[in-house]
Amino acid sequence: MAQNEIMLSGISISKNVVSTIVALAAQRVEGVASVGGNDITSNLISVFTRKQASPEESVTCEVTEDDRLKVCVHRAVFYGYPFTRLAGEVRSAVATAVQEQIGVDVASVDVCIDSLVFPKE
């Protein structure tokens, strides 16, 4: 098995595929500005903060001993959205997407808020 793959429920899945599923689910949560990647918001954030996470750094995952997925997602959020509520919504969205797309349960979803985006006034 290649280093960029994980084994889940008897199938080998690219970590990039898992990262894409997780990033898309998290991105759909209102208040999330970006989840890594090369979108316009990420590019603007990198201009002002000099920091841009690569897609591999934005979402990490590992398989637990009981064949569940442990996920960590890094994101930028818009100012004005309570962090605890956003994190809960991201956890729920990611767990649902992983269950629907991959067919495995999620052991945990750690949410890391890396930057804050202020609305233009």
Side-chain angles (χ1 to χ4, degrees):
M1 183 169 62
Q3 189 175 8
N4 64 346
E5 295 179 344
I6 57 173
M7 183 65 79
L8 270 168
S9 297
I11 60 172
S12 178
I13 303 171
S14 166
K15 288 183 179 180
N16 290 336
V17 170
V18 177
S19 293
T20 299
I21 291 167
V22 170
L24 287 172
Q27 190 66 43
R28 291 185 180 125
V29 173
E30 183 179 349
V32 172
S34 70
V35 180
N38 292 321
D39 59 18
I40 293 171
T41 305
S42 295
N43 291 335
L44 289 173
I45 291 168
S46 70
V47 166
F48 294 110
T49 65
R50 305 255 186 246
K51 179 181 178 186
Q52 181 175 5
S54 70
E56 295 80 27
E57 295 171 339
S58 299
V59 177
T60 58
C61 58
E62 63 183 76
V63 180
T64 63
E65 290 180 14
D66 58 351
D67 213 25
R68 297 188 306 158
L69 196 61
K70 183 176 179 181
V71 178
C72 180
V73 58
H74 293 261
R75 65 203 175 102
V77 299
F78 288 111
Y79 177 79
Y81 290 85
F83 292 167
T84 54
R85 191 190 88 224
L86 274 175
E89 291 176 10
V90 168
R91 286 185 188 101
S92 177
V94 167
T96 299
V98 167
Q99 179 62 42
E100 290 175 354
Q101 292 292 312
I102 301 173
V104 298
D105 290 329
V106 174
S108 66
V109 177
D110 295 328
V111 179
C112 301
I113 299 172
D114 294 336
S115 60
L116 190 60
V117 177
F118 292 91
K120 187 177 180 177
E121 300 192 75

* Cluster check L116, I113: I/L/V/M/F/W/Y, side chain < 4.5 angstrom ->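 L116 clusters together with I113.
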* Asked: Out of curiosity, does V17 fall in the hydrophobic cluster containing V106 (side-chain heavy atoms, cut-off under 4.5 Å, transitive links)?
  ->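 Yes, V106 and V17 fall within the same hydrophobic cluster.
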* CA sep, side-chain torsions, deciding dist, call: L69, V18, side chain to side chain contact (heavy atoms under 4.5 Å, CB included) -> CA-CA 10 Å; L69 196 61; V18 177; 3.8 Å; yes
With a 4.5 Å limit on heavy-atom distance, are the side chains of [X] and [Y] in contact?
X: C72; Y: C112; result: yes
X: I11; Y: I13; result: yes
X: V71; Y: V59; result: yes

* Carefully, step by step, assess E5 and S12 under the rule side chain to side chain donor-acceptor pair (under 3.5 Å). => CA-CA 6 Å; E5 295 179 344; S12 178; 2.8 Å; yes
* To do: List the atom of S34, the atom of Q27, and the distance in Å for their closest heavy-atom pair.
  =>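 Of all heavy-atom pairs spanning S34 and Q27, the closest is CA-OE1, 3.3 Å.
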I'd like a table of donor-acceptor pairs (distance under 3.5 Å, sequence neighbours excluded) in which one partner is a side-chain atom from residues 76-102, with atom names and distances.
{"from": "Y81", "atom 1": "OH", "to": "E30", "atom 2": "OE2", "distance (Å)": "3.1"}
{"from": "R85", "atom 1": "NE", "to": "E89", "atom 2": "OE2", "distance (Å)": "3.1"}
{"from": "R91", "atom 1": "NE", "to": "V109", "atom 2": "O", "distance (Å)": "3.0"}
{"from": "T96", "atom 1": "OG1", "to": "S92", "atom 2": "O", "distance (Å)": "3.0"}

What side-chain donor-acceptor pairs closer than 3.5 Å can you find for residues 61-68, not counting sequence neighbours?
{"from": "T64", "atom 1": "OG1", "to": "D66", "atom 2": "OD1", "distance (Å)": "2.4"}
{"from": "T64", "atom 1": "OG1", "to": "R68", "atom 2": "N", "distance (Å)": "3.1"}
{"from": "T64", "atom 1": "OG1", "to": "R68", "atom 2": "O", "distance (Å)": "3.2"}
{"from": "D66", "atom 1": "OD2", "to": "R68", "atom 2": "NE", "distance (Å)": "3.1"}
{"from": "D67", "atom 1": "OD1", "to": "S9", "atom 2": "N", "distance (Å)": "3.4"}
{"from": "D67", "atom 1": "OD2", "to": "S9", "atom 2": "N", "distance (Å)": "2.9"}
{"from": "D67", "atom 1": "OD2", "to": "S9", "atom 2": "OG", "distance (Å)": "3.3"}

